[in-house]
There are 2 protein chains.
Amino acid sequence: MSRQVFIGHRPDSMAARWRAAFPDLVLAERADSLDDLSDADSVWIVTDLPDWKAQIETASATGATVVGLSLNPNQEEGLQALEAGARGYLHALATAEVLQQVVTAVRSGGLWVGPELLRLVVRTVSARLSDGRPPNSSLLDSLTPRERQVAMAVVTGASNKEVARSLDITERTVKAHLGVVFEKLGVRDRLQLALRLGNTQTEVETTQ
Amino acid sequence: MSRQVFIGHRPDSMAARWRAAFPDLVLAERADSLDDLSDADSVWIVTDLPDWKAQIETASATGATVVGLSLNPNQEEGLQALEAGARGYLHALATAEVLQQVVTAVRSGGLWVGPELLRLVVRTVSARLSDGRPPNSSLLDSLTPRERQVAMAVVTGASNKEVARSLDITERTVKAHLGVVFEKLGVRDRLQLALRLGNTQTEVETTQ
DNA sequence: CCTCCACCTGTCCATCGGTCCAATAGGCAC
DNA sequence: GTGCCTATTGGACCGATGGACAGGTGGAGG
């Protein structure tokens, strides 16, 4: 049903397994070699490319769902793939069945990572939480719920367009909310907002 | 096909949407009120319960796939849901279509969270991994002294113009350095650069 | 009813930010 | 010398961003 594009150095060795899962897939050497890449709803990129990270970024920028494939999967690389915009990460030699499950998951808006990486993610997140870093809610209290949502989305690195999509509002509205947020918190742009809200650990003390 | 169990305080107000997605779902007040909860392969728990976290833990302990539902979704709560064992987290009033997508994703072994939360999770994990000192130092080590200066200045919230002034170079040169920094660190803009270097932030020294 | 507020949207516009096309010049290694 | 890295700058291009101005809705409360 969906159009699958596989990008990698030596797709030949793996083509068989992939074709078993997706009979009518497309093989390519690079993401930019396909002008109609946006037509593909699932792009699989093998991490044996020297610039696989950039490939993932460009591919995901087109709106396609990207999955990272590795011949030697490890957590570090998996995280980098996710950071680059991949929605999935698994072994390049996975069985057809697994491939189909993954594509089902990611095409449904999900994130697919192996059990170990998933456990790592959850465990790390809990560790983070138990760290007991107090969310500086004092600043957020001055914001309306919607403004808070926009602000929180922005400080994760989202663009106005992305925030608009995820909140299902116009980009213009995002700007409006952001403008109010900037004024309320006394910052001039999104970067200073991120520093002000100190989502990491760096508390920026100013007023109060 | 799959058996859906919804657990929440006032499922009535949301029951309609849920039934639209899953005609033969089961509503419950508590997780332990169903002895056959293990039969259910998807359990949806609304976070308006006082002990929703414990509910998620017990439900996921039975092996069921748990999804957290919130009437007022936020990242903090989402993280806690994941920590408790949920495989998904979304708005309690999501459309039937979204609900089905989510269940498809999580039943396929995936994890479903909103875009911002996903970004937050990925960043949290990668930041945590970088805490182990070798990677973060290597991050800055990959930069030339000048690039480091520019990057450090930028992550404090300075504009290109300001950086140019403080380093006594042209704004054009700042852009050039920044471009290299972005590529080396695999980020797309200054905000993501700040997020990436944020947890590493120790000494910010711009020659002056 | 009327007002205040949160929320949402539009158009226009100045600027900023990031990238692509370059080029020049010093330092250092082989 | 020849090559490589670093630092610097120019110009042009275009998308992203933030502000100004000008509205729309609906709900809560006087």
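Heavy-atom distances under 4.0 Å link DNA chain D to A:K161 of residues 161-169 of chain A, given in residue order.
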Listed pairs under 3.5 Å, donor-acceptor, residues 174-183 of chain A side chains, sequence neighbours left out:
none

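Judged by distance alone, the side chain of B:T173 and the main-chain N or O of B:I169 form no donor-acceptor pair under 3.5 Å. One N or O on the side chain of A:R196 and one on the backbone of A:L185 form a donor-acceptor pair closer than 3.5 Å. A donor-acceptor pair under 3.5 Å is absent between the side-chain atoms of B:R17 and the main chain of B:A96, judged by distance alone. A donor-acceptor contact shorter than 3.5 Å links the side chain of B:R190 to the backbone of B:A158. Judged by distance alone, the side chain of A:R148 and the main-chain N or O of A:L140 form a donor-acceptor pair under 3.5 Å. Judged purely by atom type and a 3.5 angstrom limit, A:E77 has no side-chain atom pairing as donor or acceptor with the backbone of A:N74.
Judged purely by distance below 3.5 Å, without hydrogens or angles, the side chains of A:R172 and A:N160 never pair a donor atom with an acceptor atom.
Think of the region where chain A sits on DNA chain D: with heavy atoms and a 4.0 Å cut, that region ends 5' and 3' at D:dA16 to D:dC21.
At a threshold of 4.0 Å, the pair B:K53-B:E83 counts as salt-bridged, since one of the basic side-chain nitrogens sits closer than that to a carboxylate oxygen. Here A:K184 pairs with A:E147 in a salt bridge; the nearest charged N to carboxylate O distance falls below 4.0 Å.
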Sort me out a list of protein N/O and nucleotides 18-21 of chain C N/O pairs below 3.5 Å, or just none if empty.
unit_1: C:dG18; atom_1: OP1; unit_2: B:R190; atom_2: N; d: 2.9
unit_1: C:dG18; atom_1: OP2; unit_2: B:R190; atom_2: NH1; d: 2.7
unit_1: C:dG18; atom_1: N7; unit_2: B:K175; atom_2: NZ; d: 3.3
unit_1: C:dG18; atom_1: O6; unit_2: B:K175; atom_2: NZ; d: 3.1
unit_1: C:dC20; atom_1: N4; unit_2: B:R172; atom_2: NH2; d: 2.7

What does the list of N/O pairs under 3.5 Å between the protein and nucleotides 25-30 of chain C look like, with a distance for each?
none

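The distance between atom CD of A:Q149 and atom C1' of C:dA6, rounded to the nearest whole Å, is 13 Å. Rounded to an integer number of Å, the gap from A:E171 CD to C:dC7 C1' is 17 Å.
Within the helix from C:dC1-D:dG30 to C:dC30-D:dG1, the inter-axis angle between the opening and closing five-pair segments is 30°, rounded to 10°.
Residue A:A81 comes nearest to A:Y89 through the heavy atom pair CB-CD1, 4.0 Å, listed as atom of the first residue, atom of the second, then distance. Between B:G8 and B:L49, the shortest heavy-atom distance links the atoms C-CD2, 4.0 Å. In this structure, B:A86 and B:G68 approach most closely via the heavy-atom pair CB-N, 4.2 Å.
In this pair, A:W44 and A:F6 present their aromatic rings parallel. The plane angle is below 30°, not in the 30 to 60° band.
Residue B:T170 is in sugar-phosphate contact alone, with no base atom involved, counting any heavy-atom pair closer than 4.0 Å across all strands shown.
Counting heavy atoms from C-beta on, the side chains of B:I45 and B:T47 never come closer than 4.5 Å.
Checking the phosphate oxygens (OP1, OP2) of C:dA6, no side-chain nitrogen or oxygen of A:T144 falls inside 4.0 Å.
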